[in-house]
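Read the structure below first, then the notes.
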Amino acid sequence: MAYQICINPDCSHQYEIGQVLHSCPVCGELLDVDYEWDSLPVPDSLCHFDRYRSESVNSVRRSSGVWRFHELLPFLPLERSVSIGEGRTILQDARYIASFVGVDAGRLFLQYEGLNPSGSFKDNGMSAALTHGAFVGAKKAACASTGNTSASLAIYAATTRLIEAVVFVGSGKIAYGKLSQALDYGAKTIQIQGDFDDALIRVRQIAKDHNIYLVNSVNPFRLEGQKTIMFRVIEELDWNVPDWIVVPGGNLGNAASFGKAFIELHKLNLIKKIPRIAIINASGSNTLHQLYNKNNDNKNERGLRWNGGHYDKDLIKNFYDKMTSESRKAHTIASAIEINRPANLSKALRTLEFCNGVVSEVTDQEIMDAKARVGACGFGCEPASAASVAGTKKLVEEGVINKEELVVCILTGHQLKDPNATVAYHGNDQNQFNNTLGKFNITSAKFANKPISVPNDPDEIAKFL
Ligand SMILES: *Cc1c(COP(=O)(O)O)cnc(C)c1O
Ligand SMILES: [Zn+2]
């Protein structure tokens, strides 16, 4: 009833659910999990899912915002679901920052995925990946990570004891909040020389050679779990589809799974309208933006497109070869999206086609200013997440997003993940910048809430109150 299938329309090879694959063995393209929907109990309306919110607390339907939607990711029976209470996140009406991005009050919503058990959206995918991993009897699981995937794998390994976690991180490329989680939860943590792109290539090879279960977003089961972020967004909007979903783009797993979610909901006749998607790169790691929006040496004037699955692979290869020959490395303060070779590029192109999407880029300065506005709204997020808010602002200014449209920005990770970046921004002094942020191009901190130094004297203190 469920199977894996190559997304290359000229290949379309199918594989069983029990196989552990990260790409199609025949042609090398990415795989989807797919379903024979006709033989499955698909609800005829999304309202069907309302009932599960009132189920008993012990029910995984109630306690997990992923497995509540089991009918829409039914690759294994519900009883097999691995869960630690992921996906209990909220959609917040962010009227205090609607004016900052330039949309009407009440039209901007923030989906706070930082409220997951490990503090990022990655838990949505990890619960699904480890459900599959446990099913195939994996004993060890590994990932390459800019930090949050490793924190997520580590917390699942520590709480469920189903699997031993091995995480690979690039040297000096990980925010302290995230590294501290992997260490504290007891994951074997391997820091390799190089960045995320290097680590991912290495861990794919090691996982294969040593029969270790890989939980990066090339794992198609992981992306099934991430579809539920979109289900929860529309659930909170009383099953209405917003005009725009805006998401930061790193390895493009979210972009891939959000598109798949809408393709399936539409095919199953559960939604009529398809939202537009905006994928936001950091300008220091903007491969998708470059390929999608620029012509380069491109014969295809529009830039790279999915084109029904016949996308221009030479264009990508030339772009990557050029990066290699120039030794160009990703570089942004938004470390979670500091990725130059996004593994889910082809699936993201598919999403962009189906959702009539756009791609944009924002600078580190724009990211940190937007992050400060989000923080001042009372929830906060890490730098990468704020790319969605900064990107929305830019797209409104450019007239791509209309101020009356309903926009949902995905806040991918919690504010406490990267305290160094936050404190340096608010400190806004040149020493701090040089020490912590100097190597990033952040020259002003418009929204800094600078700590005030005063002598320990009541009269002096009173002057500042
Ligand atoms: C992993 C991560 C991203 C990037 O998501 P992709 O699905 O890889 O594009 C963005 N923000 C945060 C906080 C992350 O942890
Ligand atoms: Zn194939």
Side-chain angles (χ1 to χ4, degrees), residues 4-14 21-24 26-35 216-220 222-224 226-227 229-230 241 243-268 271 273-281 285-321 323 337 339-361 391 395 400 410:
Q4 303 182 70
I5 183 167
C6 174
I7 69 166
N8 173 359
D10 298 331
C11 175
S12 299
H13 262 80
Q14 295 189 10
L21 299 166
H22 317 133
S23 60
C24 175
V26 175
C27 75
E29 187 44 277
L30 294 168
L31 299 172
D32 266 342
V33 178
D34 207 348
Y35 307 92
N216 279 104
S217 52
V218 290
N219 178 328
R222 188 179 127 182
L223 296 188
E224 289 302 287
Q226 288 171 217
K227 291 191 307 195
I229 301 170
M230 291 301 102
V241 175
D243 297 307
W244 286 93
I245 300 288
V246 188
V247 63
N251 223 10
L252 302 177
N254 271 336
S257 73
F258 295 178
K260 187 169 188 282
F262 290 116
I263 290 170
E264 290 173 350
L265 289 178
H266 191 254
K267 183 166 148 186
L268 296 172
I271 56 169
K273 173 178 161 182
I274 298 157
R276 297 190 70 187
I277 194 164
I279 305 173
I280 314 297
N281 275 162
S285 54
N286 63 354
T287 295
L288 180 66
H289 168 70
Q290 295 265 345
L291 289 170
Y292 194 78
N293 292 328
K294 304 268 168 85
N295 296 332
N296 298 309
D297 336 308
N298 184 358
K299 358 167 204 34
N300 183 348
E301 303 218 323
R302 281 197 305 166
L304 184 64
R305 290 295 181 275
W306 170 245
N307 197 18
H310 302 104
Y311 61 93
D312 187 345
K313 299 192 176 68
D314 288 341
L315 188 67
I316 301 172
K317 184 176 180 302
N318 294 341
F319 186 84
Y320 283 10
D321 285 350
M323 265 189 320
I337 52 174
I339 295 171
N340 263 354
R341 291 161 196 269
N344 289 291
L345 179 58
S346 56
K347 285 186 176 179
L349 294 174
R350 180 177 68 178
T351 294
L352 286 160
E353 181 173 286
F354 186 75
C355 295
N356 186 19
V358 299
V359 178
S360 192
E361 63 170 347
L395 291 169
V400 177
I410 311 302

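In this structure, CG on Leu352 lies 7.5 Å from CZ on Arg305, to the nearest 0.5 angstrom. The structure places CG of Asn251 at 10.0 Å from CG of Leu345, a figure rounded to the nearest 0.5 Å. To the nearest 0.5 Å, atom NE2 of residue His310 and atom CG of residue Asp10 are 3.5 Å apart. With rounding to the nearest 0.5 angstrom, the CD1 atom of Ile277 is 6.5 Å from the CZ atom of Phe258. Note that the OG1 atom of Thr287 and the CG atom of Leu304 stand 11.0 Å from one another [nearest 0.5 Å]. The CG atom of Asn219 sits 11.5 Å away from atom OG of Ser23, with the distance rounded to the nearest 0.5 Å.
Taking 4.5 Å as the limit, some side-chain heavy atom of Ile274 sits within range of a side-chain heavy atom of His266. Residues Ile280 and Leu395 have side chains in contact (heavy-atom distance under 4.5 Å, counting atoms from C-beta outward). Within the 4.5 Å cutoff, the side chain of Thr351 has no heavy atoms near those of the Leu252 side chain.
Scanning for side-chain hydrogen bond (donor to acceptor under 3.5 Å, both in side chains) contacts around Asp243 gives Lys273, with sequence neighbours left out. Considering only residues two or more places apart in sequence or on other chains, Arg341 meets the side-chain contact (heavy atoms from CB on, under 4.5 Å) condition with Asp197, Tyr320, Met323, Thr324. Every residue two or more places apart in sequence or in another chain was checked for a side-chain hydrogen bond (donor to acceptor under 3.5 Å, both in side chains) with Lys313, and none qualifies. With sequence neighbours left out, the side-chain contact (heavy atoms from CB on, under 4.5 Å) criterion links Ser285 to Ala282, Ala330, Thr332, Asn340. For the side-chain hydrogen bond (donor to acceptor under 3.5 Å, both in side chains) test, residues two or more places apart in sequence or in another chain that qualify with Ser346 are Glu29. The side-chain hydrogen bond (donor to acceptor under 3.5 Å, both in side chains) search around Asp321 returns Lys317, not counting sequence neighbours.
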Between Lys227 and Glu224, does the salt bridge (Lys or Arg N to Asp or Glu O under 4.0 Å) criterion hold? Intermediate values first, please. CA-CA 5 Å; Lys227 291 191 307 195; Glu224 289 302 287; 2.7 Å; yes
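His22 and Asn216 form no side-chain donor-acceptor contact under 3.5 Å, judged by distance and modelled atom types alone.
Trp244 approaches Val400 most closely through the heavy-atom pair CZ2-O, 3.6 Å. Across Val218 and Ala343, no two heavy atoms sit closer than the pair CG1-CB, 3.6 Å. Scanning all heavy atoms of the two residues, the minimum distance from Ala256 to Asn344 falls at CB-CB, 4.2 Å. Closest heavy-atom contact between Ile7 and Lys347: CD1-CG, 3.7 Å. Here the shortest heavy-atom pairing between Ile271 and Phe262 reads CD1-CD2, 3.7 Å. Between Ile279 and Ala255 the shortest heavy-atom distance is CD1-CB, 3.6 Å.
In terms of modelled atom types and a separation under 3.5 Å, the side chain of Asp32 and the main chain of Ile5 share no donor-acceptor contact. Using a distance-only test at 3.5 Å, with no hydrogens or angles considered, a donor-acceptor pair links the side chain of Asn293 to the main chain of Val359. Between the side chain of Asp312 and the backbone N or O of Leu315, at least one donor-acceptor pair lies under 3.5 Å.
Other residues, nucleotides and ligands contribute only 12 or fewer heavy atoms inside 6.0 Å of the NE2 atom of His13.
Salt-bridge annotation for Arg350 and Glu353: absent, with no side-chain N of the basic residue lying under 4.0 Å from a carboxylate O of the acidic one.
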